[in-house]
2 protein chains.
Amino acid sequence: MPSSRPLRSDARGNREALLAAAREAFLTGDADAHVKEIARRAGVAIGTLYRHFDTREALVEEVYRQEVDELCAAPGELLGRHAPDEALRRFLLLLVEHAAVGKGMAVALESIMATDSPVFDDARTQMEQALDQLLEAGTAVGTIRDGVSGRTLLRALGGICGMRPTEGWRDEAVHITAILFDGLRFGAPDAG
Amino acid sequence: MPSSRPLRSDARGNREALLAAAREAFLTGDADAHVKEIARRAGVAIGTLYRHFDTREALVEEVYRQEVDELCAAPGELLGRHAPDEALRRFLLLLVEHAAVGKGMAVALESIMATDSPVFDDARTQMEQALDQLLEAGTAVGTIRDGVSGRTLLRALGGICGMRPTEGWRDEAVHITAILFDGLRFGAPDAG
DNA sequence: TCCATAAGGTGAGCCAGGTTCAGGTTATAG
DNA sequence: CTATAACCTGAACCTGGCTCACCTTATGGA
């Protein structure tokens, strides 16, 4: 899909419309909206959807990449404002909040974090690096235990975010995240 | 499905054959084996499969119920042999091991633990009680932090077990479980 | 032993949802 | 203004879960 020359203007418009329709659907409840419905909402035929995105999954990926980008910008900022362990704690909660805004985001985060699907390779790498950044800052200062990779933590978070949102889900996720965070501090040289 | 009178002999045989075929498929790799394939392996028609199980999901549930039963017998035994926190630690690892034996079990455990699907209500309740038993024993002795419900822990484990098994998955799951366990000890009156 | 009959079995076919492709349409460079 | 590559369309296809009208057979009673 990444064409070397720019899209024709109508094509660009359709692509945007499709992404907007998909975003609308995925982020507000209906995480498994049908491709036909998405195409309809975007005002194009299914064929057009498939011209822009190889599969339904590819469309999903594109929708969430922006969310991930945004999320992955956070660690740098958090580290500038807080101690490393506090920054890590806040980032974990940020992920949970993002997953909590809609079933869609939760499912997407799970897909990104808990699978090896090559579709999400970029997003996963980005997330791993974000977590590594936070973990390393914490271990350097001695408030976070050593030997935990961003990848490993990513998996754990993927699991948590992948919990199907239901009654009381958010509070449980926050609670679990707190326990996990304490586990990350456990045994660290200077753990609070 | 739960008939008051016993199944006819041929029906019982077919039911067993279906469960055996499904178990074979689910526990050894192919967690999303098609119903037609399962029926074929069992030597019956699809209609027969659906006579015995309302949906594909119901068949899955039945296959895994036995695993769950076995798993849920463990806490009692572990508590008889180890200190409460050690019993809990071993139980968590037991779950991971079970999830590790096959993709199928992992997916099933996730379905049981991370969703609210009424299909798995029984299994979930059973698991929650098993975890409650361990957590309460630990808090009573002061080695496990207070205020964590079996349900909450179940969710966290569901997430971990739901990670799609891939290279290095088992080690990561064990690692995460260890961190989670330390989180459960963190701040407990008599934590090691 | 044999029959009546209800329990059980069968598989063609339906339906939903993702995907393809032959043919028509249109933006845009020259 | 035109040639044409890029784009769009939607009927049709495919897969996989599930249904149902009709056929087969285990089983209990005479």
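Here is how names work: the chains are called A, B, and so on, in the same order as the sequence lines, proteins then strands, and each is numbered from 1.
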Distance check needed: [N] [atom2] versus [X] [atom1], whole Å only.
X	N	atom1	atom2	answer
A:R12	D:dA6	CZ	C1'	14 Å
B:N14	C:dA7	CG	P	17 Å
B:L18	C:dG8	CG	P	13 Å
A:R40	D:dT9	CZ	P	14 Å
B:E37	D:dG17	CD	P	11 Å
A:L59	C:dG17	CG	P	16 Å
B:L49	D:dT19	CG	P	12 Å
B:D30	D:dG16	CG	P	10 Å

Which nucleotide in the set [options] lies at the smallest distance from any side-chain heavy atom of [X]?
X	options	value
B:V44	D:dA11, C:dT10, C:dG9	C:dT10
B:R51	C:dG18, D:dG16, C:dG9	C:dG9
A:T55	C:dT19, C:dG9, D:dG17	C:dT19
A:L7	D:dC7, C:dT20, C:dG8	D:dC7
A:K36	D:dA12, C:dG9, D:dT9	D:dA12
B:A11	C:dG9, D:dC18, C:dG18	C:dG9

Any Lys/Arg nitrogen of A:R23 or A:E67 sitting under 4.0 Å from an Asp/Glu carboxylate oxygen of the other?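 Result for this pair is yes, salt bridge flagged.
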In plain terms, say whether B:E37 and B:R41 are close enough for a salt bridge, that is, a side-chain N and a carboxylate O under 4.0 Å apart.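 Yes, charged N to carboxylate O under 4.0 Å.
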Does A:R8 make a side-chain donor-acceptor contact with the base of C:dT28, cut-off 3.5 Å?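 It does not, because no donor-acceptor pair links the side chain of A:R8 to the base of C:dT28 below 3.5 Å.
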Are any of [X]'s side-chain N or O atoms less than 4.0 Å away from OP1 or OP2 of [N]?
X	N	answer
B:Y50	D:dT19	no
B:H52	C:dG9	yes
B:S9	D:dT27	yes

Rounded to the nearest 0.5 Å, how far apart are CG of A:L49 and CZ of A:R40?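 Spacing of CG (A:L49) from CZ (A:R40) equals 13.5 Å.
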Could you tell me whether the side chain of B:R56 and the main chain of B:A33 form a donor-acceptor pair under 3.5 Å?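 Between the backbone of B:A33 and the side chain of B:R56 there is a qualifying donor-acceptor contact (under 3.5 Å).
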Are the side chains of A:D182 and B:R145 in contact, using a 4.5 Å heavy-atom criterion?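 The answer is yes, as the side chains (C-beta and beyond) meet within the 4.5 Å cut-off.
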Judged by each residue's nearest nucleotide on DNA chain D, which is more toward the 5′ side, A:A45 or B:H34?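 It is A:A45, whose closest nucleotide lies nearer the 5' terminus.
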